[in-house]
There are 2 protein chains.
Amino acid sequence: MRTLKYALLGLIDREPITGYDISKEFEKRIMANFWHAKHSQVYPELKRLLDEELISFELIIQGEKMEKKLYTITPKGHAEFVAWLLQDEPLGITPKDVFRLRTFFSDFMSVADFEKHLHSQLDKHNLKKGYLESSMSNYYEAVPKYGSKEFGDYAVLLGAIMREDSYIAWLKVCLDAVSHQD
Amino acid sequence: MRTLKYALLGLIDREPITGYDISKEFEKRIMANFWHAKHSQVYPELKRLLDEELISFELIIQGEKMEKKLYTITPKGHAEFVAWLLQDEPLGITPKDVFRLRTFFSDFMSVADFEKHLHSQLDKHNLKKGYLESSMSNYYEAVPKYGSKEFGDYAVLLGAIMREDSYIAWLKVCLDAVSHQD
DNA sequence: GTAAATCATGTCAATAGTTACATGTTATAT
DNA sequence: ATATAACATGTAACTATTGACATGATTTAC
């Protein structure tokens, strides 16, 4: 389906960006909440988009001699991106989740071991939720206006927080279910 | 990380099973809520587990001549599986979600197009939630006892329903946010 | 009876994604 | 000054996953 292609086109369509900054977006910024790619996947894909004439770049010299490539979308690239954006796809496979896999097989663990797992997972998701909430309060005081890129940022960040809330609630229900069985 | 390996070992450890039934588990049954693999990935992995002596199989003749392989776990396989099960792994990357990607780029759509997307997505997730809830009410009247495989089934099914609830709630919040901007 | 759906097991080519290798620059903290 | 972190861009080998190809048996619905 080449989804990475459209993730890159969209980012470049938002504003000209380097491969390095695209990778950062996937690894640490808001996009990391719903997409991921290593730089070793990003650079070859950028080259491919260049070949397809969906993007172009301008060489920038940073400081004395360090080169960076600032990518810009072409009209053809923008057209393909918008066409993809409007498509209505079927749901697709449910995302993989190693912790749910372990939970599915929890009958092979003692109650104590499973409770330890649940607490550890709870800690990790609480921490993640904390990070997300601090991003949220730092960047948005009100709901951004629809049509600005801030609206997209806000919507997916909210979705990420709600996802963490739900995961945390599930872990607590599991803890409850096992603790009432001792 | 070879997670598929452990997913297969766990299933085979629950009770002897064929490659075909493992594939069904990934495609239509409870496991589909947190893991997935096509039969073209399952059969070669089973062969590999055989080579590693973690499983063995018995040939069964169904009807007149149709052969099927019923896989059983070996003591070595069970030991490796339980060792994996007790491991505490870091959270890992957030799952990819094409709809969130589209939402992130929603400023490239009209409000009407985005609302259409949201409604379509809402329909799909409501349908999915309905399926999950009917499985839940069909199979479990009370919380199954911890230690039975039904407990694992119940816990992940509950998690899947909660995940759908949260996704639906997020979609409604998005709808609300855009509709108050017209 | 026969067509369609499901059962049952595999391979192969291609795409997607990860890990490790490889190199050099610039800014920041001590 | 100098070490460390961050900036910046790539390639290569490997693992994971998908989609298409391939084949045949058995059950179920009409």
Side-chain angles (χ1 to χ4, degrees), chain A residues 1-8 12 16-29 31-32 34-52 55 57-71 89-90 92-98 101, chain B residues 1-8 12 16-29 31-32 34-52 55 57-71 89-90 92-98 101:
Chain A
M1 289 150 300
R2 296 200 58 195
T3 312
L4 178 60
K5 164 178 168 173
Y6 300 102
L8 297 185
I12 297 167
I17 189 171
T18 64
Y20 185 81
D21 284 327
I22 289 171
S23 295
K24 260 203 319 197
E25 198 61 55
F26 286 132
E27 267 154 37
K28 314 178 214 201
R29 305 217 187 283
M31 274 196 108
F34 53 88
W35 208 262
H36 184 264
K38 303 278 166 73
H39 78 275
S40 55
Q41 204 185 354
V42 170
Y43 289 117
E45 186 63 36
L46 285 170
K47 192 185 259 179
R48 200 172 164 189
L49 296 177
L50 264 177
D51 290 344
E52 297 176 82
I55 57 175
F57 71 88
E58 188 194 351
L59 257 186
I60 303 285
I61 306 296
Q62 191 82 339
E64 199 63 25
K65 52 179 160 175
M66 197 174 71
E67 289 184 345
K68 57 180 186 177
K69 292 174 176 172
L70 196 65
Y71 290 95
E89 282 177 286
I93 59 159
T94 307
K96 292 175 179 176
D97 184 328
V98 185
L101 183 62
Chain B
M1 291 151 296
R2 298 201 54 197
T3 312
L4 178 61
K5 164 179 169 174
Y6 299 103
L8 296 185
I12 298 167
I17 189 171
T18 64
Y20 185 81
D21 285 326
I22 288 171
S23 295
K24 261 204 319 199
E25 198 60 55
F26 286 133
E27 267 154 36
K28 315 178 212 204
R29 305 216 186 286
M31 273 196 107
F34 54 86
W35 208 261
H36 184 264
K38 302 278 166 72
H39 77 276
S40 56
Q41 203 185 357
V42 169
Y43 289 117
E45 186 64 36
L46 284 170
K47 192 184 258 178
R48 201 172 162 188
L49 297 177
L50 264 176
D51 289 344
E52 298 177 83
I55 57 174
F57 71 87
E58 187 194 352
L59 257 187
I60 303 284
I61 306 297
Q62 191 81 340
E64 200 62 26
K65 52 180 161 176
M66 198 174 69
E67 289 184 344
K68 57 180 185 177
K69 292 175 178 173
L70 195 65
Y71 290 95
E89 283 177 284
I93 60 160
T94 307
K96 291 175 179 178
D97 184 327
V98 184
L101 182 62

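Predicted model only: the values in this text are computed from it and were never measured.
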Exercise for the section: For residues B:Leu46 and B:Gly19, report the shortest heavy-atom separation together with the two atoms involved. Expected result: CD1-CA, 3.7 Å
Problem - Polar side-chain contact B:Ser40-D:dG19 base: donor and acceptor under 3.5 Å - result: yes
Practice task
Consider the side chain of A:Tyr43, meaning its heavy atoms from C-beta on, and name the nucleotide among C:dT18, D:dT18, D:dT9 that approaches it most closely.
Solution key: D:dT9
Completion exercise
Applying ring pair (Phe, Tyr, Trp, His ring centres under 6.0 Å) to A:Tyr20 and not counting sequence neighbours gives none
Anything under 3.5 Å between a protein N or O and an N or O of nucleotides 13-16 of chain C, put it in a table, one pair a line.
unit_1	atom_1	unit_2	atom_2	d
C:dA16	OP1	A:Arg2	N	3.2

Fill in the blank from the handout: Rounded to whole Å, the NZ-P distance (A:Lys38 to D:dA16) equals 13 Å
Exercise for the section: Encode nucleotides 22-28 of chain D as B, S and - characters from 5' to 3', where the letter depends on protein heavy atoms closer than 4.0 Å: B to the base, S only to sugar-phosphate, - to neither. Expected result: --BSS--
Fill in the blank from the handout: Between B:Lys5 and B:Leu49, the two heavy atoms sitting closest are CG-CD2, 3.6 Å
Practice task
Round to the nearest Å and state the distance from A:Leu4 atom CG to D:dT17 atom P.
Solution key: 17 Å
Problem - Atom-pair distance (CG on A:Leu8; P on C:dG17), nearest Å - result: 11 Å
Problem - Earlier contact from the 5' end, DNA chain D, for B:His36 and A:Pro44 - result: A:Pro44
Completion exercise
Of D:dG10, C:dA20, C:dG10, the nucleotide closest to the side chain of B:Lys47 is C:dG10
Practice task
Name all residues meeting the side chain to side chain donor-acceptor pair (under 3.5 Å) criterion together with B:Lys96; count only those two or more places apart in sequence or in a different chain, and write none if there are none.
Solution key: none
Practice task
Taking side chain to side chain donor-acceptor pair (under 3.5 Å) as the test, write out the residues that go with A:Lys69, two or more places apart.
Solution key: none
Exercise for the section: Measure the shortest side-chain to side-chain distance between B:Met66 and B:Ile61 over non-hydrogen atoms and say whether it is less than 4.5 angstrom. Expected result: no
Exercise for the section: Not counting sequence neighbours, which residues clear side chain to side chain contact (heavy atoms under 4.5 Å, CB included) with A:Ser40? List them please. Expected result: A:Lys38
Exercise for the section: Give a yes/no on whether any side-chain N or O of B:Lys69 is located under 4.0 angstrom from OP1 or OP2 of C:dG10. Expected result: yes
Handout entry: Nucleotide D:dT9, atom P - distance to CD of A:Glu27 in whole Å
Key = 14 Å
Exercise for the section: Can you measure from OG1 (B:Thr94) to CH2 (A:Trp35) and round to the nearest 0.5 angstrom? Expected result: 12.5 Å
Exercise for the section: State which residues pass side chain to side chain donor-acceptor pair (under 3.5 Å) with A:Glu52; sequence neighbours excluded, sorted by chain then number. Expected result: A:Arg2
Problem - Separation of atom CD in A:Glu67 from atom P in C:dT26, rounded to whole Å - result: 11 Å
Practice task
Measure from CD1 on B:Ile22 to C1' on C:dG10 and round the result to the nearest Å.
Solution key: 14 Å
Completion exercise
Separation of D:dA16 atom P from B:Tyr6 atom OH, nearest Å, is 11 Å
Completion exercise
In whole angstroms, the gap separating C1' of C:dT9 from CG of B:Leu59 amounts to 11 Å
Fill in the blank from the handout: Closest non-hydrogen atoms of B:Leu50 and B:Ile55, given as atom of the first, atom of the second and distance, are CD2-O, 3.4 Å
Fill in the blank from the handout: Between its two end axes (five pairs each) the helix from C:dG1-D:dC30 to C:dT30-D:dA1 turns, nearest 10 degrees, through 40°
Fill in the blank from the handout: Sequence neighbours excluded, the answer for side chain to side chain donor-acceptor pair (under 3.5 Å) partners of B:Thr18 is B:Asp21
Handout entry: Non-neighbouring partners of A:Ile93 that pass side chain to side chain contact (heavy atoms under 4.5 Å, CB included), sequence neighbours left out
Key = B:His36
Practice task
Under 4.0 Å between any heavy atoms, over every strand shown, what does A:Lys24 touch: base, sugar-phosphate, or nothing? Just pick one.
Solution key: sugar-phosphate
